[in-house]
Amino acid sequence: EIGIDVMKVAYQNSTVKLNWICEVCGKKFETLLNNRVGHTKTDCECFRSFYTTSTNEELVALMLKRSLPNLEVQVPVFGDRRRVDMAFETEAGKFIVEYDGPFHDKDKDYERDKEAKELGYINIRIVEIAQTRINIDRVDLIDSDMGGYAYETDTHTVVNNYFKYKDEIVALNNMFEYLTRILRSNGVDIKAEKVTSEIIKEAENSRKKYQKKVEIH
């Protein structure tokens, strides 16, 4: 009754599960409030063929595609259960790149990364740390630039650290510098380009313009 827009402002960080009725098919379903009004939008089957991206996720894809034209987004490497943000393959191996906003669960990410390793992927997780949206599971990264490497899941962590640098372009360029180093250390040579306000605007326009539709396999 109070409307999605009001809840988006008031409760976007909430982890309370609520019952919902799909406005398209009328189906009843249960999902977390932050999933319903945040990045995921809904868990109803009607909407599972659609996804939206954040500006920074779109930005990473745009930057990487300049050197990796075969990079794909929203790739179903785990079948129907879950898509990854980006994936590509080179002679050096298969890679997954995930851009994590403030609501990711560290334990679930560990299990997903472990499964991806079993499928032959090298994982790279970019973790966003912002002053107003700190993920409590990742407070250990507040002072970091590169979060390290986990051998058991073959996962490299890179930090987009707004908390530390405060300036958006400085933080993004620092993140891309470490991302470039990690890829090069794994045999993938990409152009070390700089993030500019123009490419950020391009990413934002791309995110707003297209509601991506993906096939359910």
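We count residues from 1, following the sequence as given.
Atom CG of N205 is separated from atom CD of E58 by 10.0 Å, given to the nearest 0.5 angstrom. Considering CG of D100 and CD of E128, their distance stands at 9.5 Å, rounded to 0.5 Å.
Counting non-hydrogen atoms of other residues, nucleotides and ligands closer than 6.0 Å to NZ of K114 gives a total of 12 or fewer. The 12-atom threshold is exceeded at NZ of K94, counting heavy atoms of other residues, nucleotides or ligands nearer than 6.0 Å.
The only member of D167, L172, I129, V170 that meets side-chain contact (heavy atoms from CB on, under 4.5 Å) when paired with Y162 is L172. Y149 pairs with exactly one of D154, T157, N123, T155 by the side-chain hydrogen bond (donor to acceptor under 3.5 Å, both in side chains) rule, that one being D154.
Ring orientation note: the planes of F29 and W20 are close to parallel, at an angle under 30° on the 30°/60° scale.
Note on Y178 and Y165: separate hydrophobic clusters, where clusters join Ile, Leu, Val, Met, Phe, Trp and Tyr whose side-chain heavy atoms are under 4.5 Å apart, directly or indirectly. Y151 and I122 fall into different hydrophobic clusters, defined by Ile, Leu, Val, Met, Phe, Trp and Tyr side-chain heavy atoms under 4.5 Å apart, directly or through other members.
Residues meeting the side-chain contact (heavy atoms from CB on, under 4.5 Å) test with E202, sequence neighbours left out: L62, R66, I199.
Taking the ring centre of F88 as origin, the terminal cationic atom of K65 falls outside the region bounded by 6.0 Å and 45° from the ring axis.
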For the pair E152 and Y110, evaluate side chain to side chain contact (heavy atoms under 4.5 Å, CB included) and give the outcome as yes or no after the intermediate values.
CA-CA 9 Å; E152 60 272 21; Y110 173 85; 3.6 Å; yes
